[in-house]
Participant: 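Before I ask anything, let me first share the structure, which is written out below as C-alpha cells.
Remember, it's a predicted structure, so these values are computed and weren't measured experimentally. Counting starts at 1 for both ligands and their atoms, following the listed order.
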Amino acid sequence: MTVKQVSTTPFDDQRPGTSGLRKKVPEFKQLHYLENFVQSIFNAMGNPSGQTLVLGGDGRHYNREALAIIIRMAAANGFARLLVGCDGILSTPAASCVVRKYQAAGAIILSASHNPGGPSGDFGVKFNGANGGPATQEVTDRIFAESQRISAYRIAEAETIDLGRIGVSELNGTRIEVIDPVVDYVELMSSLFDFDRLSELLRKPDFRMCFDAMYAVTGPYAVDILEQRLGAEPGTVIRGEPLEDFGGGHPDPNLVHARELVALMNSEGGRTDFGAASDGDGDRNMVMGRGFYINPCDSVAVLAAHARSVPGYRAGLAGVARSMPTSRALDRVADELHIPCFETPTGWKYFGNLMDAERITLCGEESFGTGSSHVREKDGLWAVLFWLNIMADLNKPAHEIVRDHWQRFGRDYFTRHDYEGIDSSSAEQLMGRLAERLPTLAGHKVAGLAVATADDFHYQDPVDGSTATGQGVRVHFANGARVVYRLSGTGTSGATLRVYADLHVQMASMLNAAPQSVLKPVLAAADELAGIRTLTGRDKPDVVT
Ligand code: G1P
Ligand code: ZN
C-alpha cells in the first residue's frame, strides 16, 4: 500500500455557503475538485494523528464514489480511526450524534440536503466539528483559505473498502469501522422520549400516522423507530427506501414537494391523524395534523411551550433561539417561560455556540428546521417524536394543540416567497438598492403601511464575540408586520431571492384565516419597497411556504 502525493492547483469557487460546499455533481467530478476541498478540510483541521473522523451521507448519486475517495485520503492523511455509515448512509443528525458519542474530531457529511440529486443534480460536502455541529464561520473561512493555496493532496492507493457490510478493516494504519447508521441515533431518541407512551399512541386502533421519507435518508431510521420499535402499522413510512435520485423527486418536505402526504392529510373523510415528512439528509421536518398544516415557526413555539411533556426536557429549557427570518412566535413562549430567546442569522451553525455554552436547549428555523442540544444539527425525526410525545401526553390531536397555542399567544401569520434561479446581478442590485435606502426608510409609507424601522441584520455571537454582517434586510412596520429579504446561500445556479413576511394577530376571530390573504398587504409593501417584480422580471414567486 502506498500513499501518493498528488500535485494540484486551487479552484477559486470553494467557499462553503449556508451549509457546506454545494455544487452540481459534474462540478464535483472534475479532476481534483473533491480531493482539493477534502484536503483543505484536513489541512484546516490540524494534526489528524490520534483523531477519529465520522463519514457518511444521504445516499444520493456520487455518495459512494466520493466516500471511497475520502476514506483513502483520510487514511493517507493519518487519521487514527474512521467511523463510516454502512452503505455510506448517515443522516445529518445521526452523524452529529455519532461525533458526540465517540468524541470524534469531526465529520464529513455528503449531502446537498433538500436539493434534487442524480447525475446532473446537486451534491455537497459539509464539515462538522468536534461538537457535532456545522463548522463555525472561523473554521469555514480557514477551509476556504486552505483551498486557495492548496498545491497537493494525499491519497492512499488501495482497493475500495466494502461499505456494504458492518465490520472493521485497516488502511495505512487507519482503523476503518463500518457502523450501523441507525443504532446510536435510536439509542439517543429512546433516552429523550417516552417510548412506552409513544407506542401506546401509535398502537391505538383509531390513531394513524404517515411519515413520508421522500426516498431519502430518513427511511431506515423512521422504519426502525416508528414501525419496528413503537409498533406503528407497517406502511406508516412511505417512500422509505433511500434512492440515489430520490425517485426523481425534490426531497424537500414542504407543501409543494410532499404532495402525496399533503393530499392524504387533506383528503375528505381521510383518517390520518398526524403526518410528517423529512428531507434528503434527515434534518428537516414538516408536520401536519388532520387537514391542518403546521407552520415550522409555530411548530418550534409549540414544542418549547410543551417541552415539559417530554422526559428529556422535563427539567425545562435554558433558553431558545430562532433564525432571524423565523416568526416571533417562539419569542412569545420564551417571554412567558422567562427564558432568553436569541435571534441568529440563517443557518444552523450559529446555534452551536449557544448550545455548547448551555444558553439554549431548543431552536428552530422557518425553513422546516427544528432541533435541540441533543445533537448540534436540526433533526427531522426527533421533531416528529417530540410532537408525538406531546400529543400522547396531552391526549389531544395536533391541530387542537396548535389552535390552543394561538388562543394563548395569538397567531404569527408567516409566509416565505422564493424567486428561484433569477439573474445574479439583478438579485445583487435589488439587495444593494434596498441596503442603500435603509437609513431613510423609517417614517415612510409603502403601499399604505408605515415603516417603523429598517436595517441590515448583523449578529454578534454572545459566546465568542464573532460577528456576521449582511445577514438579510429587515423592515418592521408600524402595525407590527415585518418583511425580510435575503439571498439564498445554498443554491447552485443563479440566485434565489427569499422574501419573508409575518404579522402577529391576537384577536380570537382572526385566528383561522388563510396566511396568504392576511399577509397580502404586507407582501404588497414588500414588492413596492424592493421592486421585486420589476427587478426579477417575475410576476409571482416559484415557491410559497
Ligand atoms: C436554507 C434555509 C436555511 C437553512 C439552510 C440549510 O438556506 O433558508 O434556513 O439553514 O437552507 O438547510 P438558504 O438557501 O436560505 O441560504
Ligand atoms: Zn437537510
Participant: Any side-chain heavy atom of R359 within less than 4.5 Å of one from P340?
Facilitator: no

Participant: Give the atom numbers and elements of ligand 1 that come within less than 4.0 Å of a heavy atom of S367.
Facilitator: 2 (C), 3 (C), 4 (C), 8 (O), 9 (O)

Participant: Between K101 and E187, is there a side-chain N and carboxylate O pair less than 4.0 Å apart?
Facilitator: yes

Participant: Name all residues meeting the side chain to side chain contact (heavy atoms under 4.5 Å, CB included) criterion together with S426; count only those two or more places apart in sequence or in a different chain, and write none if there are none.
Facilitator: D423

Participant: Within a radius below 2.8 Å of the Zn ion (ligand 2), how many protein N, O or S atoms are present?
Facilitator: 4

Participant: So is G369 in contact with ligand 1, going by heavy-atom distances below 4.0 Å?
Facilitator: no

Participant: Kindly identify the option in K126, R22, R284 whose heavy atom sits closest to atom 5 (C) of ligand 1.
Facilitator: R284

Participant: Stepwise, does the ring-ring contact (aromatic ring centres under 6.0 Å, His included) test hold for Y313 with F386?
Facilitator: CA-CA 10 Å; Y313 303 87; F386 208 124; 5.1 Å; yes

Participant: From atom 4 (C) of ligand 1, work out which of R486, E365, E377, E366 has a heavy atom at the shortest distance.
Facilitator: E365

Participant: Just so I know, are the side chains of D461 and T467 near enough to count as touching, which here means a heavy-atom distance under 4.5 Å?
Facilitator: no

Participant: Using a strict 4.0 Å threshold on nitrogen-to-oxygen distance, state whether D122 and R22 make a salt bridge.
Facilitator: no

Participant: Quick one: look at R416 and ligand 1, take heavy-atom pairs under 4.0 Å, and tell me if it's side chain, backbone, both or neither.
Facilitator: side chain

Participant: What is the closest protein heavy atom to atom 6 (C) of ligand 1, and at what distance does it sit?
Facilitator: K378 NZ, 3.5 Å

